[in-house]
2 protein chains.
Amino acid sequence: MARSPASRGARAATLSDVARLAGVSVATASKALNGRNHVHAQTRARVLEAAQQLSFSPNSLARGLLAGRSGTVGLLTSDLVGRFSLPILMGAEDAFGAGQVSVFLCDARGDAIRERHHVQALVSRRVDGLIVVGSSTDPRPPLVEGVDVPVVYAYAPSEDPADLSIVPDNVGAGRMAVEHLIACGRTRIAHISGDRDYSAARDRVVGAEAALEAAGLEPVGEVAYGTWSEGWGRAAAGLVLDRHPELDAILCGSDQVARGVLDTLRERGRAVPEDVAVMGFDNWEVVATGSRPGLTSVDMNLEELGRTAARAMFDAIDNEHARGVQTTQCRVVIRGSTAPVA
Amino acid sequence: MARSPASRGARAATLSDVARLAGVSVATASKALNGRNHVHAQTRARVLEAAQQLSFSPNSLARGLLAGRSGTVGLLTSDLVGRFSLPILMGAEDAFGAGQVSVFLCDARGDAIRERHHVQALVSRRVDGLIVVGSSTDPRPPLVEGVDVPVVYAYAPSEDPADLSIVPDNVGAGRMAVEHLIACGRTRIAHISGDRDYSAARDRVVGAEAALEAAGLEPVGEVAYGTWSEGWGRAAAGLVLDRHPELDAILCGSDQVARGVLDTLRERGRAVPEDVAVMGFDNWEVVATGSRPGLTSVDMNLEELGRTAARAMFDAIDNEHARGVQTTQCRVVIRGSTAPVA
DNA sequence: CTGTTAGCGCGTTCAC
DNA sequence: GTGAACGCGCTAACAG
């Protein structure tokens, strides 16, 4: 039963192995490897070399067990395939990756049962915190129970105002969009939005109308709600142009809608941006850069949102946690559809 | 120093807590909770209730430390933002999620230094296996060293033939594409591909040409290599149509290229699919379904690839691991650009 | 400066 | 059927 240097088939080296090879005790080896004081420089060197030689890698499980913290966090998404989760996830992974924490990724696929299952697994793995990423900006029910670690909701806020949620500033995005169009000299701005059932659509409209009013401008026609698709953009553009041929700009609820609008404008011989300026939301690269001309769009800064959520989680782990809904800034990315390229 | 029932601020319940509450020893509690035999039904019930009451969640760190397996795997991507990693990742997460293993996600962002850093962290966390997801199907250097757990390469194969790699069958995809066009009655098929530097582009061409030859057909013109963009598709379509107005189908290296081709065809008044059939590769939903008509495309089945990689990793953990490059099947998704909708 | 001791939470022998 | 004891790998106390 005595521990042999190398047990079954190249088992990972342990601290005892290192200590034995260096001719010291495990405690000394531990101190040496962790850069603690009270260890002779020469001894430290011997230990380090032994560790190197055995390609020793400290067992985080044992360390975590002892420390009470695992150095891991859970990232729980409800819709990984959707295009919004990914950048958030990247931002979070980025913020964590810089430190010493690793990220557990779970996709609940919008299923509450599966979500509970994943939460249970994460709790069992003693994650130090949890980020819950929603698939739309509509509020979602909070995690049910038994979660004793800090939770931050990203993109979709929690319905419980006592929770901390980080969401993009859609109202601000709508405002910035209109302000950009005005800065481009447009005054007759129509608005073809997306699905009215989404708060993202409604919030952007709120911001856009506020900006129009602040500039003393009237909207051109009613806001046209529909779906988040190219097809809707094509159809709606036709209707709006029939009714308001005098318009000089169309603000679109998303980049996809904008692509459809661009198609219809080209078919009708309206020049973009000279005659009509067009812009969208989301700044979805493949959609926004593939069009002719390139599509000006409001970037929701989702990666930054992910980073913010991660930092908020760090703060919540250390100190006490903040509460309420916090928004992150968006930014306008200018392309040819609103301003002629230089 | 005696363990108090509830230490500092609602610390997570431990097995001892459960045992004490149920009035049994930790050993009995363990057996009861794990469904082992040799425990009285009534005792088991008491333990279960105690666990419930304390919302006890077994500490996976301790369990993993003891068992020698952590029940976790690492998913190492080099380009999470790229559109190919995500479905693979989803498939893998899906295959693992069904079991008891959790997934560590790491994005190396194409940086070798960062990759080593992540691998080191994963080894330290004692993952039971590792899936390395590449961003293109070109071979990549194998993980450097010191990884004693099974590694499966997905999408991008390892340069070392002794490693196990799972990649999409691009040659088969090219073949299937041409076979579909032939089945639609086309005989004069041009090929506008993507970036020649990508093996995916070259492999698809190989498969396409093989299928043409098998059917006794000649390609229409040379394969036009360029970039994976809509702009290239638009430009190349113009050139090809000028030189070969007689063509009745254009096979495109990707969906984006195909979108550009569709644009040019519409501008020139060539009807799709009546006059010219068009198809692409990748079946990228937003691109393929947004066009008029919808774009027929070869789906690379990346989610299935991810599941396959996950299963291969399971096998590698249990038994000994397979070697070499293994391919997964693709499938044609038919839309309006090759066949009129019913 | 170094070594010995004592657990972190759990599963698994082996006595009773 | 139940419980006491041991150890997974590591770090934080103390003792020398």
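No experiment lies behind these values; they were computed from the predicted model shown. Naming: A, B, ... by sequence-line order, numbering from 1 per chain.
- Contact annotation: A:Thr28 side-chain N/O to C:dT2 OP1/OP2 distance is not under 4.0 Å.
- The CG-C1' distance, from B:Leu66 to C:dC10, rounds to 6 Å in whole Å.
- With a 4.5 Å cut-off on side-chain heavy atoms, A:Leu130 and A:Val152 do not count as touching.
- Taking every heavy atom of residues 54-62 of chain B and every atom of DNA chain C, pairs under 4.0 Å involve B:Phe56, B:Pro58, B:Asn59, B:Ala62, by number.
- One atom, CG of A:Asp17, and another, P of D:dC8, lie 11 Å apart when rounded to the nearest Å.
- A:Lys31 places its NZ atom 9 Å from the P atom of C:dG3, with the value rounded to the nearest Å.
- In the helix from C:dG3-D:dC14 to C:dC16-D:dG1, the end axes, each obtained as the rotation axis mapping the C1' atoms of four pairs onto the next four within a five-pair block, lie 40° apart to the nearest 10 degrees.
- Ionic pairing of A:Arg140 and A:Glu115 is present here: one or more N-O contacts between side-chain nitrogen and carboxylate oxygen are shorter than 4.0 angstrom.
- Distances shorter than 4.0 Å separate none of the side-chain N or O atoms of A:Arg63 from OP1 or OP2 on D:dC10.
- Residue A:Met300 holds its CE atom at 9.0 Å from CG of A:Leu305, rounded to the nearest 0.5 Å.
- Side-chain contact check for A:Asp160 and A:Ser158: no donor-acceptor pair (N or O, by modelled atom type) lies under 3.5 Å.
- When rounded to the nearest whole Å, the span between CZ of A:Arg69 and P of D:dC10 equals 17 Å.
- Within 4.0 Å of B:Leu65, counting heavy atoms only, lies at least one base atom of the nucleic acid.
- A salt bridge between A:Asp111 and A:Arg109 is absent, with no side-chain N of the basic residue lying under 4.0 Å from a carboxylate O of the acidic one.
- Distance CZ (A:Arg20) to C1' (C:dT4): 16 Å, rounded to an integer number of Å.
- Contact annotation: A:Thr14 side-chain N/O to D:dC10 OP1/OP2 distance is under 4.0 Å.
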Point to revise | side chain to side chain contact (heavy atoms under 4.5 Å, CB included) between B:Ser78 and B:Val133, worked out | key: CA-CA 7 Å; B:Ser78 44; B:Val133 184; over 6 Å; no
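- The nearest whole Å value for the distance from the CG atom in B:Leu33 to the C1' atom in C:dC10 is 11 Å.
- Between B:Glu93 atom CD and B:Leu86 atom CG the span is 10.5 Å, to the nearest 0.5 Å.
- B:Arg307 has a carboxylate O that lies under 4.0 Å from a charged side-chain N of B:Asp94, or vice versa, which qualifies the two as a salt bridge.
- At a threshold of 4.0 angstrom between heavy atoms, the contacts of B:Val26 with the nucleic acid are absent.
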Exercise for review: Go through the steps for B:Asp138 and B:Ser199 under the test side chain to side chain donor-acceptor pair (under 3.5 Å), then give the verdict.
Suggested key: CA-CA 6 Å; B:Asp138 295 290; B:Ser199 64; 3.2 Å; yes
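- Salt bridge absent: A:Arg44 and A:Glu49 never bring a charged side-chain N and a carboxylate O closer than 4.0 Å.
- Within residues 35-50 of chain B, the residues approaching DNA chain D are B:His38, B:Val39, B:His40, B:Thr43, by heavy-atom distance under 4.0 Å.
- Residue B:Arg126 comes nearest to A:Ser57 through the heavy atom pair NH2-O, 2.8 Å, listed as atom of the first residue, atom of the second, then distance.
- The side chain of B:Leu15 lies closest to C:dG11 when the candidates are C:dG3, C:dG11, D:dA4.
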